[in-house]
Protein chains: 2
Amino acid sequence: MLNETAVAALEQTNAAEPEKRIRDRSATERAILKAAKNLLAEEGFQNFGINAVARRAGCDKQLIYRYYGGLDGLVDAIGTDLGNWVKDRIPEDTGGMFLLTYGDLMERLSLLFLQALRDDPLMRRIVAWEVSENTEQVKRLSEARSKALGQWLDRMRGSLTPPKGVDTAAVNALIFASIQHLVLAAAAGGQCAGLVLKNGKDWEKAAGALKRLVRGVYG
Amino acid sequence: MLNETAVAALEQTNAAEPEKRIRDRSATERAILKAAKNLLAEEGFQNFGINAVARRAGCDKQLIYRYYGGLDGLVDAIGTDLGNWVKDRIPEDTGGMFLLTYGDLMERLSLLFLQALRDDPLMRRIVAWEVSENTEQVKRLSEARSKALGQWLDRMRGSLTPPKGVDTAAVNALIFASIQHLVLAAAAGGQCAGLVLKNGKDWEKAAGALKRLVRGVYG
DNA sequence: ACTGGTACTCACCGATTGGTGACAGACCGG
DNA sequence: CCGGTCTGTCACCAATCGGTGAGTACCAGT
């Protein structure tokens, strides 16, 4: 539900934009896509609908049907846009460090992923969506990301091998799961399982614990 | 003598209303609460509303306003009902095992929590709700649970002490976070971070990885 | 300058939502 | 027997939802 300030801001935006809509299809398409992403990032998937997107984009919802084939197509467009998320957010260079062991690699990836997720409200909403609904839409949205993370790991791994007897697929899934839930819970309620996560110091502690967890299994 | 319309009305009443709603407030309240819990567990919080609850409870929504003061009060009622979740679901006896170290304790709690969450669709929905919305309602809902988990840990800990230099609050938060996200993602999409979680064998692997993670930090 | 097609807006649809006021019938104490 | 309270039902409200059909404004090619 929109609160008064959001409504006021919207009206203000409309009022501040008396200029006539230009007849530029690609520009309109971009405006719609941008509006959709902002709306999803700011309001979450609960109030994510045709009407709300059109309202924010400042155009008629009919155009969303025409250009994207409805909400489904629009979500798909967001998804393909997010295909490069890992590539854009998580650098492949070692940042001047020497990654000698698989543990080094996973520690680095974990901390980078933690930071990237903290910094991206849109991705957070998508992950929350992912665990709340089971539509084909959402599945496709997140599949690309987990695949991309796996590919990142593959590329960076090189000749590094994990310790013997460790089920890396399962352990890494747990590590990524912990990061995602921690960030989501913190973004939603400021804490996770009783651990307050608000200022930078809180996050330093969390990052330290994450390091310990990773180093515990991978050395 | 009854005229035709009266007979028809009578038959209609009998046919369309096989059982008359009894005038029992507490029974109705229980029916509403049960309907709300089932609805939330089965459909999730997206379609959780006054109308849907009333429909499922088979009564008028007005009664929900009267008896619970609206959806908010109803959610609160669900919350207090869930106050004993940890107590009911996670046994305090050691199950015949000797818990000699803090690691033993955390391993046991982790596996129990994993199983309990897998078995409880209502709690899963609540956790998903928790990371998707930030209302006071939802916050109160989950606060009780994390508090209860902490208390369980306190009671069971006894004289066991964690390894030196480990930030138990942060590490445990990450462990619980990993469990919650793993179970939620699995329930929603059948996998988590590329790890398929469908049959029992998949879950055994996950449980094994969880053990390793816990043992890695706590020994 | 006409014309065809593109970009866009508008009005309307049925359904559903949260919410409220009025009313009917059962029960109980006086 | 009567009046009041409690339980439950119903009708209605404004708002919003997703979705569609029809019409308008504009621009480009000839």
Side-chain angles (χ1 to χ4, degrees), chain A residues 1-4 6-8 10-11 13-14 17-36 39-40 43-76 133 135-137, chain B residues 6 9-10 12-36 39-40 43-76 133 135-138:
Chain A
M1 188 180 289
L2 291 173
N3 55 28
E4 299 85 351
V7 172
L10 190 65
E11 284 168 352
T13 316
N14 286 341
E17 218 170 350
E19 50 196 77
K20 258 204 173 144
R21 172 153 294 281
I22 37 172
R23 292 170 64 81
D24 182 341
R25 169 159 179 168
S26 74
T28 304
E29 285 178 357
R30 271 180 280 120
I32 292 173
L33 187 57
K34 184 179 171 187
L39 180 68
L40 186 54
E43 307 279 338
F45 58 93
Q46 350 254 8
N47 303 104
F48 186 75
I50 285 277
N51 291 301
V53 172
R55 215 175 301 140
R56 179 173 282 236
C59 73
D60 197 275
K61 58 181 168 181
Q62 179 78 12
L63 298 183
I64 300 176
Y65 287 105
R66 272 220 262 284
Y67 298 156
Y68 290 96
L71 251 196
D72 292 355
L74 187 52
V75 172
D76 276 346
E133 234 173 24
T135 60
E136 272 308 311
Q137 281 306 324
Chain B
L10 188 64
Q12 203 175 20
T13 316
N14 286 340
E17 217 169 350
E19 41 182 306
K20 261 215 167 129
R21 174 152 289 279
I22 39 172
R23 292 170 62 82
D24 182 341
R25 168 159 180 167
S26 74
T28 303
E29 284 179 356
R30 271 180 280 122
I32 291 173
L33 187 58
K34 185 179 171 187
L39 181 68
L40 185 55
E43 306 281 337
F45 59 94
Q46 348 257 5
N47 303 105
F48 186 73
I50 284 277
N51 291 302
V53 172
R55 213 166 7 216
R56 181 173 279 239
C59 72
D60 198 276
K61 57 181 168 182
Q62 178 78 18
L63 298 184
I64 299 177
Y65 286 105
R66 271 221 266 281
Y67 298 155
Y68 289 97
L71 253 196
D72 291 356
L74 188 50
V75 171
D76 275 345
E133 236 173 23
T135 59
E136 272 308 311
Q137 280 307 323
V138 182

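Side-chain atoms are counted along with the backbone in the values below, which use heavy atoms only and exclude waters and symmetry mates. Only a predicted model underlies this, so the values are computations on that prediction, with no experimental measurement involved.
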Atom CZ of A/R55 and atom C1' of D/dA15: how far apart are they, to the nearest Å? 11 Å

Whole angstrom is fine here: how far is it from OH in A/Y65 over to P in D/dA22? 17 Å

For the residue pair A/K61 and A/V53, establish whether any side-chain heavy-atom pair is separated by less than 4.5 Å. no

Which whole-number value in Å describes the distance from A/I64 CD1 to C/dC8 P? 12 Å

Below 4.0 Å: OP1/OP2 of C/dT16 and any side-chain N or O of B/N51: no

Nearest-Å distance, CD (A/Q46) to P (C/dG18)? 14 Å

CD of B/E29 to OH of B/Y68, rounded to nearest 0.5 Å, is 5.0 Å

List, with names and distances, any nitrogen or oxygen atoms from the protein found under 3.5 Å away from nitrogen or oxygen atoms belonging to nucleotides 4-8 of chain D.
unit_1, atom_1, unit_2, atom_2, d
D/dC6, O2, B/R23, NH2, 2.6
D/dT7, OP2, B/R25, NH1, 3.1
D/dT7, O4', B/R23, NH2, 3.2
D/dT7, O2, B/R23, NH1, 2.9
D/dG8, OP1, B/I22, O, 2.8
D/dG8, OP1, B/D24, N, 3.3
D/dG8, OP1, B/T28, OG1, 2.6
D/dG8, OP2, B/T28, OG1, 3.3
D/dG8, OP2, B/Y67, OH, 2.8
D/dG8, N7, B/R66, NH2, 2.1
D/dG8, O6, B/R66, NH2, 3.0

Nearest 0.5 angstrom please: B/L74 CG to B/I50 CD1, how far? 7.0 Å

Euclidean distance, atom CZ of residue A/F48 to atom P of D/dT16 [Å, nearest integer]: 19 Å

What's the separation between atom OG1 in A/T28 and atom CD1 in A/I64, rounded to the nearest 0.5 Å? 11.0 Å

In whole angstrom, what separates A/K61's NZ from C/dC10's C1'? 11 Å

Whole Å only: how far is the CG atom of A/L74 from the C1' atom of D/dG19? 16 Å

Non-hydrogen atoms of A/R66 and A/R25 that approach each other most closely: O-NH2, 4.5 Å

When rounded to the nearest 0.5 Å, the distance separating CD of A/Q46 from CG of A/L40 is 10.0 Å

Separation of C/dA7 P from A/I32 CD1 (nearest whole Å): 12 Å

